[in-house]
Amino acid sequence: SRIVFDTAPTGHTLRLLTLPDFVDASLTKVIRLRKKLSGAADAVRGLFGVAGNQDEVVAKLEKMQERIRGVKALFRDESQTEFIIATIPTQLGINESRRLLGTLREEGIPCRRLIVNQVITPSTGPAFLKLRLKDQAAALQLLDSDPALTGLNHVRAPLVDVEVRGLPALQYFGSVVWKDGVFEKINAGAGRKYFMLGGKGGVGKTSCSSSLAVRCAQEGHSTLVVSTDPAHSLSDSLDVDVSGGLPVKVESPFGGDLPLYGMQIDLEQARAELRAAVAGGGTSGLNDFLDNLGLGMLADQLKDLDLGQLMDTPPPGVDEAIAISKVVQFLDSPDYAHFDRIIFDTAPTGHTLRLLTLPDFMDKGLGKMVMLRAKLGAAAGAVKNFFTGGKGEQDPAVKAMEALRGRMDAARSLFHDATKTQFVIVTIPTLMAAAESARLASSLRQEGIPLETLIVNQVIREEAGEKFLAARIADQQRALQVVRDDPGLGQLQLITGPLFDLEVRGVPALQYFGSMVWK
């Protein structure tokens, strides 16, 4: 009688909520196409006195569409469904929750509660730190001994007492992470270099990416840090608005010319580019093609179908590959040739693996589309030229798809070139995060992605004490006040979950955690 969905991080979750709309729209067009084709075939069979059979495929598609529409309705039925936002008491976490709530409201998804987890209470003291350090040691041991992670350069980044946000904080954080020859090793070599930082959600990928970008810029490299995460946090981390899909200069508060730029990929713009590349001339181009072939009755059956719209809504997941291809396009332009360090702040693990494998998938798919479109265009041109004697021109849609395919190929080559690209895994010292990092490392090696470095973030120092806890509590309370003052988040029921001294893992720990949160 109760079903609980543990969804993926924000970007994936937004995709999940919009997927039924995409499937419903696609099925509507496919069903219409099937009916039109069936009607045309029935008309032809009727000329020869052959009885037509009922199209069972249409019935199955309509039944599937009915179930999909049921899911759409369920997502929006507040008597049955509720979306609960979970976050942590940091400015970056609160800002992402604010954007998520706005999207939920736009989509009509019921949301009445907000959980702020990992809150440190004033009663937390030396006992908490002692037990936490013991639990952390077990996770670090697993990271050091796991076969999938051996051979990597392990870097341990401390859990600092304030949120890493803004250039001064990033410079400090970078000074304690990218030290002891770590930066010199990954930065070695001539020519342009690309760094991709990825891992489980909530491990501090954006802070590590931004601090690496700051360090590169401090060393005199013209640096661009790019967020490919649908749920961007890069602007929050840099404390500069870098949205809009173009590089934005990040000015140093200390003066001087710091060659640092940030950019958040504009996913709506990326989707528009895909639609334009695939649809080409759209419906008018298709109808012109049918007319040129003189298909008569069949053309009349199909012309009003708007087949070009079948590609109007690209499937979820395509925009990561388009985003990467757009970055490659930018960097091939003379206007962006001065960047010699490019850092990708990627989405959580699932998104990142899809991003790395989509160029191969898209290349194969686009290759088939180009061949099909070229053949159809050649056939239409041959008929037209037979009557006009003119010389056919290349289909603009074919040219656009070939250009897109070329950028996909460039992205794929970039991901696998060890002389130019390095993937850096970011994790935290918990058993669950360690296990996910091991799986990610295995997947990267299977895909042939260069991997040399593992950052273990948020490691509690042995000397951490009451002063550290007091600073963390004060920082968290400022973030909680932002929640209470926010016009949207402040209207939700606020539930706080304490930061426990042990990892919440297994039924007994979950029962205890639940008794503290759901009370």
Side-chain angles (χ1 to χ4, degrees), residues 10-11 14 92 95-96 99 102-103 165-167 170 192-198 205-218 220-253 256-278 314 318-347 351-352 355 358-359 362 400 403-404 406-408 410-411 414-415 420-421:
T10 307
L14 294 176
L92 270 67
N95 288 346
E96 182 170 317
R99 292 188 289 268
T103 303
R165 184 167 183 261
L167 217 56
L170 288 168
R192 176 180 287 172
K193 287 190 173 294
Y194 303 84
F195 303 98
M196 303 186 71
L197 282 78
K205 294 183 299 295
T206 302
S207 296
C208 290
S209 301
S210 299
S211 66
L212 176 58
V214 171
R215 179 65 187 274
C216 288
Q218 287 179 312
H221 296 290
S222 184
T223 304
L224 175 65
V225 55
V226 184
S227 171
T228 63
D229 190 343
H232 297 295
S233 293
L234 184 59
S235 289
D236 295 328
S237 179
L238 295 171
D239 204 18
V240 174
D241 183 5
V242 295
S243 61
L246 291 171
V248 176
K249 184 78 162 61
V250 180
E251 301 292 345
S252 172
D257 184 23
L258 188 68
L260 175 63
Y261 294 78
M263 179 172 74
Q264 292 180 171
I265 296 297
D266 187 333
L267 294 181
E268 288 302 322
Q269 181 181 341
R271 293 187 185 104
E273 178 176 313
L274 179 66
R275 285 194 293 268
V278 175
V318 169
D319 35 38
E320 290 104 325
I322 297 297
I324 287 293
S325 76
K326 194 166 185 64
V327 171
V328 173
Q329 180 188 27
F330 280 156
L331 300 178
D332 285 342
S333 167
D335 294 336
Y336 301 95
H338 63 282
F339 292 119
D340 56 10
R341 293 295 181 270
I342 316 298
I343 298 162
F344 294 105
D345 173 32
T346 71
H351 264 294
T352 300
L355 180 150
L358 260 179
M362 288 286 291
L404 178 58
R407 295 201 298 273
M408 286 295 165
L414 173 66
F415 292 160
K420 295 181 178 179
T421 300

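For Arg341, there are no salt bridge (charged side-chain N to carboxylate O under 4.0 Å, His left out) partners, not counting sequence neighbours. In this structure Thr206 satisfies the side chain to side chain donor-acceptor pair (under 3.5 Å) test together with Asp345, sequence neighbours excluded. Residues forming a side chain to side chain donor-acceptor pair (under 3.5 Å) with Ser235 (at least two apart in sequence, or on another chain): Gln264. By the side chain to side chain donor-acceptor pair (under 3.5 Å) test, Ser243 pairs with Asp241, sequence neighbours left out. Residues satisfying the salt bridge (charged side-chain N to carboxylate O under 4.0 Å, His left out) test with Asp239, not counting sequence neighbours, are Arg165.
Taking CE of Met196 as the start and OG1 of Thr228 as the end, the distance is 6.0 Å to the nearest 0.5 Å. How far OH of Tyr194 is from CG of Leu224: 10.0 Å, rounded to the nearest 0.5 Å. The line from CG of Leu234 to OG of Ser207 is 10.0 Å long, rounded to the nearest 0.5 Å. Expressed to the nearest 0.5 Å, how far CE of Met263 lies from CZ of Phe339 amounts to 8.0 Å.
Across Phe415 and Thr421, no two heavy atoms sit closer than the pair O-CG2, 4.2 Å. The two residues Ile343 and Cys216 have their closest heavy-atom pair at CD1-SG, 4.3 Å.
Identified under the salt bridge (charged side-chain N to carboxylate O under 4.0 Å, His left out) test for residues 244-253, with sequence neighbours left out: Lys249-Asp257.
Using modelled atom types, one side-chain atom of Thr223 and one backbone atom of His221 make a donor-acceptor pair closer than 3.5 Å.
With contacts defined as side-chain heavy-atom distances shorter than 4.5 Å, the pair Asn95/Ser233 does not qualify. Residues Tyr261 and Leu238 have side chains not in contact (no heavy-atom distance under 4.5 Å, counting atoms from C-beta outward). Side chains of Leu167 and Leu260 form a contact here, defined as non-hydrogen atoms less than 4.5 Å apart.
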Give the C-alpha distance, both sets of side-chain angles, the deciding distance and a yes or no for side chain to side chain contact (heavy atoms under 4.5 Å, CB included) between Arg99 and Thr103.
CA-CA 6 Å; Arg99 292 188 289 268; Thr103 303; 5.6 Å; no
